[in-house]
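All values derive from a computational prediction rather than experimental measurement.
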Amino acid sequence: MIFMLAKKYDPKQVEEKWQKWWLEHKIYKFDIKSKKPVYSIDVPPVYASAAHLHVGHALHYTQFEFMARFWRMSGREVYFPPCFDNNGLPTEKYVEEKYKITKGDMPRDEFRKLCREEAAKVEEEYANRAFKGLGHSHDWNLIYTTIDPDAQRISQLAFLQLVKQGDAYRAEEPVLWCPYHQTALAQAEVENKPRTTVLNYLYFDLEDGEKIEIATTRPEFLPACVGVFVHPDDKRYKKLVGKNAIVPIFGQKVPIMEDEKVDMEFGSGIVMICTFGDSTDIEWWKEHKLPLKICITEDGKLNELGGKYKGLDLNKAKERIKKDLDKEGYVIKEENLEQEVGMCWRCKTPIEYMIAKQWFVRTLKYKKEIIAQSKKIKWYPSFYRKRLEDWTNNLGWDWCISRQRPYGVPIPVWYCKKCEEAVFAEEQDLPLDPLFAEPKKKCKCGSDDFVPEEDIFDTWMTSSMTPQIASQQFKNPEIYKKIFPMSLRPQSHDIIRTWAFYTILKSYLLYKEIPWKDVMIGTYVLDSKGRGMHKSAGNVIWLPDMLKKYSVDTLRYWSASAGVGEDLPFQEKEMIRGTKLLLKLWNSARFASLHFEEIKEIKDLKMEDKWILSRMSETIKSYKDFMGKYRISRARKELEMFFLHDFCDFYLEMVKNRLYGDNEESKNAARFTLYKTFLGTIKLWAPIVPHITEEIYQELFHEEKSVHVSSLPEAEKVDKEALEVGSLAKDVISLVRQYKTQKDLAMNAELEKIVIESDSDKIKEAEEVIKGTMKIKIIEYKKGKELKVEVK
RNA sequence: GGGCCUGUGGUCUAGUUGGUUAGGACGCAACCCUCACACGGUUGAGAUCGGCGGUUCGAAUCCGCCCGGGCCCACCA
């Protein structure tokens, strides 16, 4: 029987064909009734703002898609839902930028609608281009988004439970504030970046006419100054303590106090406290019970406390105040200062501190428990667990979960106008938006006059519930029961302190359970010179550009070269290598197809048959071991070495002689081995390059509906003797090839006689295959330490 | 300042329970259009495994110090 494969491989046509076919035939459908053990993936919901896909995005999502395919072919029922994160700040920012508006420019309803519409558009594009276009094996029936009613319900319900058990609370606290987004932020959303700033040395007058010298980087906070501190051991200033200082320009009298947190070495050794210029200010304000003076507005301008500087944004105000200080002789000197400044991780605006009523989830209380939970999870690579532990240990704030933003999951609570008591929504009414609903009962105080909560949840409040949302906690409890905790959380390292942290926290607080068994940290893709890819640097490699030049399988081949948790510079030559590999697969399939035949019984396998089958078994074993540890690049390497350098370079050349010869028994043994080995190879390649393998499988093999629902080959017993002889045969063939190359001969040129010098008699077992492969008539042997070939 | 990762031929890298002629790919050179493949094949050149010490019969692999790259964290105003 002869099978036909086109002479030339046409990836675009093949890829499109199978992508469509997989969807139509629901090849990747999750079957809840299946008896197989489940492998479930807590897929990272894609940000709706990531409209432009670069190769890093593609790799990130393909990296764990390999695992879905691997486990599916390893006898697991794979749960692999596609999902989108269209909730919260990223979407808002995307919409604001696209339409050049800010949240206040339109009614909340309308803005939300716009967000949802834009998100839907991006989702559509992403689904087609990324998930479907890259051949990802999702069950599309399982799709979810983080703004779905079901997601909102899970998020709100979790909140109510946390309130009930005392782990969520509302308090008026200083919070981290983004003046651009005009909302409170969590510590995890603040990034520190270095910058150079100016340290200003100023005079403060004392009541008795004396002067003191203080150093500050933020003179614009003078109106909020409520005190001055010196170190208790600082002899220079001991006499000042208890006196009052007069703030320049603004004129308020503030007490001079002592505190050990003052650094005597820094600046003048005297520091002013403003509520709030930085986080030390907050500590002092609390410890020393100082008055509160907020001098900035929510959008980062000076308020009425700023007097004549009111309405100026902080940078402008700083300039003007400095100028006036200078004019009035308060400035002593300036110094440049390197400092770290906290910025909003989304918009890079320096954060400020505001005071407002916010909702918090307790984290500080549970540090030990979180770390203990993290140890029950397997981290790949393991050292990233330490990052979570360090972060947890260093936490200084409870998790602020309320955001003063319009788009997101609402906080289901109202407040009594009379007594300010919080009244929560009923569980069965969730999800709900308190803006558009009323509490069902009266307040404890008897009043039925309420104000709805206008804030929404931090986006992580919902994202930390993805194991529940993905596995349909309430929509399909049967599934949830079966797959929670999930098998794998793939994610990148930059959100360990958010997504991983909060998910572990919530899972502990709500269920006393780990959310998943494994965490796989994704690869960070750099440009070819090892720099991060940034639009501003102009070094971004866009996915559509690459897909114009190379096939999807090629891109996937490249993606499989990434190590977990490691950086990977994008090298276009890897794409060329991938193209060549696919070509090799195609051409070897064409060769194999010429010789395929149903072989019923094999009496005698030749030495080279046993050798390649043993090498195959070795390869299967290490491939599976590596895949099981998420070491995809190593698995690929093992497979590639086997396929290219044993199977193609040697085995195929070794058996040509037999396949084209007349010895039927020998021919059948070769056909049998070829069939078995090639089928196994195609299957092992299937998770990595699913399109070309499907095409070859469907053309040449007919065991299952699709190669992707077939089973990976099993490793068999390895014939050590065959491995040794095979390796020797390879070496001799290489030496003969070397001779022919040096003599400018073609590889199929005939040789009369060679003498092999070897320390082992085993080489004689390879005589037949060496003769056949290299067209040699006579072989003689000689004892010698080193393997040598002499041509007569 | 603290923590973590990392440094292998021109380039990207495999190899870190110590013992391999240090493996592969891209690039380079020479040869070969052989019945799957010239978008190919064969062969070759090219690495004192960042540096210096130490442990050991033996180190790319373990230890120490130094140098370089990266990431995370940190309230010095």
Of all the choices, [options], which nucleotide is nearest to the side chain of [X] once you look at every atom?
X: A/Thr579; options: B/C12, B/C39, B/U43; result: B/C39
X: A/Arg590; options: B/C37, B/A14, B/U34; result: B/C37
X: A/Asn192; options: B/A25, B/U43, B/A74; result: B/A74
X: A/Leu337; options: B/A77, B/A14, B/C39; result: B/A77
X: A/Glu653; options: B/U43, B/C4, B/C37; result: B/C37
X: A/Leu583; options: B/A14, B/C39, B/A77; result: B/C39

Rounded distance (Å) that lies between atom [atom2] of [N] and atom [atom1] of [X]:
X: A/Gln187; N: B/C72; atom1: CD; atom2: C1'; answer: 13 Å
X: A/Asp527; N: B/U11; atom1: CG; atom2: P; answer: 16 Å
X: A/Glu283; N: B/A77; atom1: CD; atom2: C1'; answer: 13 Å
X: A/Lys261; N: B/C75; atom1: NZ; atom2: P; answer: 12 Å
X: A/Glu191; N: B/C75; atom1: CD; atom2: C1'; answer: 18 Å

Greater than 12 external heavy atoms within 6.0 Å of [X]'s [atom1]:
X: A/Lys621; atom1: NZ; result: no
X: A/Glu260; atom1: CD; result: no
X: A/Asp662; atom1: CG; result: no
X: A/Tyr203; atom1: OH; result: no
X: A/Lys771; atom1: NZ; result: yes

Can you check whether [X] has a side-chain N or O nearer than 4.0 Å to OP1 or OP2 of [N]?
X: A/Gln339; N: B/A77; result: yes
X: A/Arg636; N: B/A14; result: no
X: A/Lys743; N: B/C32; result: no
X: A/Gln738; N: B/G44; result: yes
X: A/His645; N: B/A25; result: yes
X: A/Gln571; N: B/G10; result: no
X: A/Arg577; N: B/U11; result: no

With distance as the sole criterion, do the side chain of [X] and the base of [N] form a donor-acceptor contact below 3.5 Å?
X: A/Gln742; N: B/A30; answer: no
X: A/Lys740; N: B/U43; answer: no
X: A/Lys580; N: B/C39; answer: no
X: A/Thr741; N: B/C31; answer: no

> Any cation-pi pair here, A/Lys656 with A/Phe591, using under 6.0 Å and within 45°?
Replying inline: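 Yes - A/Lys656 lies over the ring of A/Phe591, closer than 6.0 Å to its centre and within 45° of its axis.
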> Taking A/Phe276 as the fixed residue, which of A/Trp177, A/Trp285, A/Trp284 is the one that meets the ring pair (Phe, Tyr, Trp, His ring centres under 6.0 Å) rule?
Replying inline: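 Only one option passes, and that is A/Trp285.
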>> For A/Arg615 and A/Tyr651, which I'm curious about, is there any donor-acceptor pair between the side chains at under 3.5 Å?
In response: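 No, because no side-chain N or O of A/Arg615 sits under 3.5 Å from a partner of the opposite role on A/Tyr651.
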Under 4.0 Å between any heavy atoms, over every strand shown, what does [X] touch: base, sugar-phosphate, or nothing? Just pick one.
X: A/Ser528; value: nothing
X: A/Cys274; value: nothing
X: A/Arg218; value: nothing

> Does the side chain of A/Pro569 come within less than 4.5 Å of A/Ser528's, by heavy atoms?
Replying inline: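 Not touching, per the 4.5 Å side-chain cut-off.
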> Does the side chain of A/Met343 reach to within under 4.5 Å of the side chain of A/Val190, using non-hydrogen atoms?
Replying inline: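 Heavy-atom side-chain distance check fails, nothing below 4.5 Å.
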Contacts under 3.5 Å, N or O only, protein and nucleotides 17-23 of chain B:
residue	atom	partner	partner atom	Å
B/G23	N2	A/Lys637	NZ	2.8

>> Nearest heavy atom decides the nucleotide; on that basis, is A/Ser279 or A/Lys8 closer to the 5' end of RNA chain B?
In response: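 Taking each residue's closest nucleotide, the earlier one in sequence belongs to A/Lys8.
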Protein-nucleotides 1-3 of chain B N/O pairs closer than 3.5 Å?
residue	atom	partner	partner atom	Å
B/G3	O2'	A/Asp390	OD2	3.1

>> A/Phe204: which residues meet the ring-ring contact (aromatic ring centres under 6.0 Å, His included) condition with it, sequence neighbours left out?
In response: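 If we apply the ring-ring contact (aromatic ring centres under 6.0 Å, His included) test to A/Phe204, skipping adjacent residues, there are no hits.
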